[in-house]
Amino acid sequence: MPHTPAELSELEDIKRLKYAYFRCLDQKRWDEMADLFVPDGAVAAYSNGKYRFEGREAIVEFMRTNMGRDAFHTSHRVHHPEIEVVGDRATGTWAMEDVNVD
């Protein structure tokens, strides 16, 4: 299905947001990461929902606590995004490769 220029712009914005999230994660830029989430209503779930956090402070604190050690290094690469925008809600799936060294 063809997309309008506005829809293509929204898709690109979503991709850039996802890429910024992983850059902040890998570089341990916690304050910058917090700015990527909406102030109210941010929800994140990891490990198939085993870990679920509501609010950007809770999400970033989880990352800072579990991935913030100087000896813990990550490298994330995401690609092949499949994004669907319906109204003001978007869902997406990315292929991801990550390396964790602790």
Side-chain angles (χ1 to χ4, degrees):
M1 153 181 17
H3 293 286
T4 67
E7 290 169 334
L8 292 172
S9 179
E10 287 179 354
L11 293 173
E12 188 61 26
D13 288 346
I14 292 167
K15 291 178 201 177
R16 291 176 58 88
L17 179 67
K18 184 74 165 185
Y19 300 148
Y21 168 84
F22 281 115
R23 178 181 52 77
C24 290
L25 177 63
D26 290 341
Q27 295 178 0
K28 302 178 190 302
R29 294 176 177 252
W30 310 121
D31 293 337
E32 191 176 337
M33 177 185 274
D35 291 340
L36 300 174
F37 293 102
V38 294
D40 298 315
V43 176
Y46 305 97
S47 297
N48 289 331
K50 180 178 179 182
Y51 305 100
R52 186 175 189 279
F53 303 93
E54 294 188 20
R56 67 180 173 188
E57 288 79 19
I59 296 165
V60 174
E61 186 56 32
F62 169 75
M63 293 296 180
R64 183 190 324 264
T65 299
N66 290 283
M67 303 179 87
R69 295 182 316 280
D70 287 339
F72 190 74
H73 304 281
T74 61
S75 176
H76 291 82
R77 299 294 177 260
V78 291
H79 45 87
H80 296 90
E82 301 171 45
I83 304 166
E84 183 176 350
V85 178
V86 177
D88 64 352
R89 183 173 173 86
T91 57
T93 301
W94 277 258
M96 182 181 77
E97 300 170 32
D98 67 327
V99 175
N100 299 292
V101 178
D102 191 2

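All values below were derived from every heavy atom in this structure, side-chain atoms included, with hydrogens, water molecules and symmetry-related copies excluded. All values reported here derive from a predicted model rather than from experimental measurement.
- Under the rule for a salt bridge (charged side-chain N to carboxylate O under 4.0 Å, His left out), the partners of E32 that lie at least two apart in sequence or sit in another chain are R23, R29.
- In this structure T93 satisfies the side chain to side chain donor-acceptor pair (under 3.5 Å) test with no other residue, sequence neighbours excluded.
- By the side chain to side chain donor-acceptor pair (under 3.5 Å) test, H79 pairs with E97, sequence neighbours left out.
- With sequence neighbours excluded, no residue forms a side chain to side chain donor-acceptor pair (under 3.5 Å) with D31.
- Checked against salt bridge (charged side-chain N to carboxylate O under 4.0 Å, His left out), R69 has the following partners two or more places apart in sequence or in another chain: D102.
- Under the rule for a salt bridge (charged side-chain N to carboxylate O under 4.0 Å, His left out), D88 has no partner lying at least two apart in sequence or in another chain.
- Within the structure, ring-ring contact (aromatic ring centres under 6.0 Å, His included) pairs that include any residue of residues 11-45 comprise F22-H76 (at least two apart or interchain).
- Remark: S9 engages no residue in a side chain to side chain donor-acceptor pair (under 3.5 Å) (not counting sequence neighbours).
- A donor atom on one side chain and an acceptor atom on the other are found under 3.5 Å apart for D26 and T74.
- Cluster membership check: V43 does not share its hydrophobic cluster with M33, using side-chain heavy-atom separations under 4.5 Å among Ile, Leu, Val, Met, Phe, Trp and Tyr.
- Every pair passing ring-ring contact (aromatic ring centres under 6.0 Å, His included) that includes a residue from residues 43-68 is listed here, sequence neighbours excluded: Y46-F62, Y51-F62, F53-F62.
- Hydrophobic side-chain contacts under 4.5 Å tie V101 into a cluster, directly or through other members, with V99.
- Contacts of E61 classified as salt bridge (charged side-chain N to carboxylate O under 4.0 Å, His left out), with partners at least two apart in sequence or in another chain: R64.
- Smallest separation of non-hydrogen atoms from R56 and V38: CD-O, 3.9 Å.
- How far NZ of K28 is from CE of M63: 11.0 Å, rounded to the nearest 0.5 Å.
- In plain terms, the two heavy atoms of I14 and A90 that are nearest each other are CD1-CB, 3.6 Å.
- Contacts of L8 classified as side-chain contact (heavy atoms from CB on, under 4.5 Å), with partners at least two apart in sequence or in another chain: H3, L11.
- Put simply, the side chain of V85 does not reach to within 4.5 Å of the side chain of E7, judged on heavy atoms.
- Residue R77 holds its CZ atom at 10.5 Å from CG of D98, rounded to the nearest 0.5 Å.
- Note that the CZ atom of R52 and the CD1 atom of I59 stand 9.5 Å from one another [nearest 0.5 Å].
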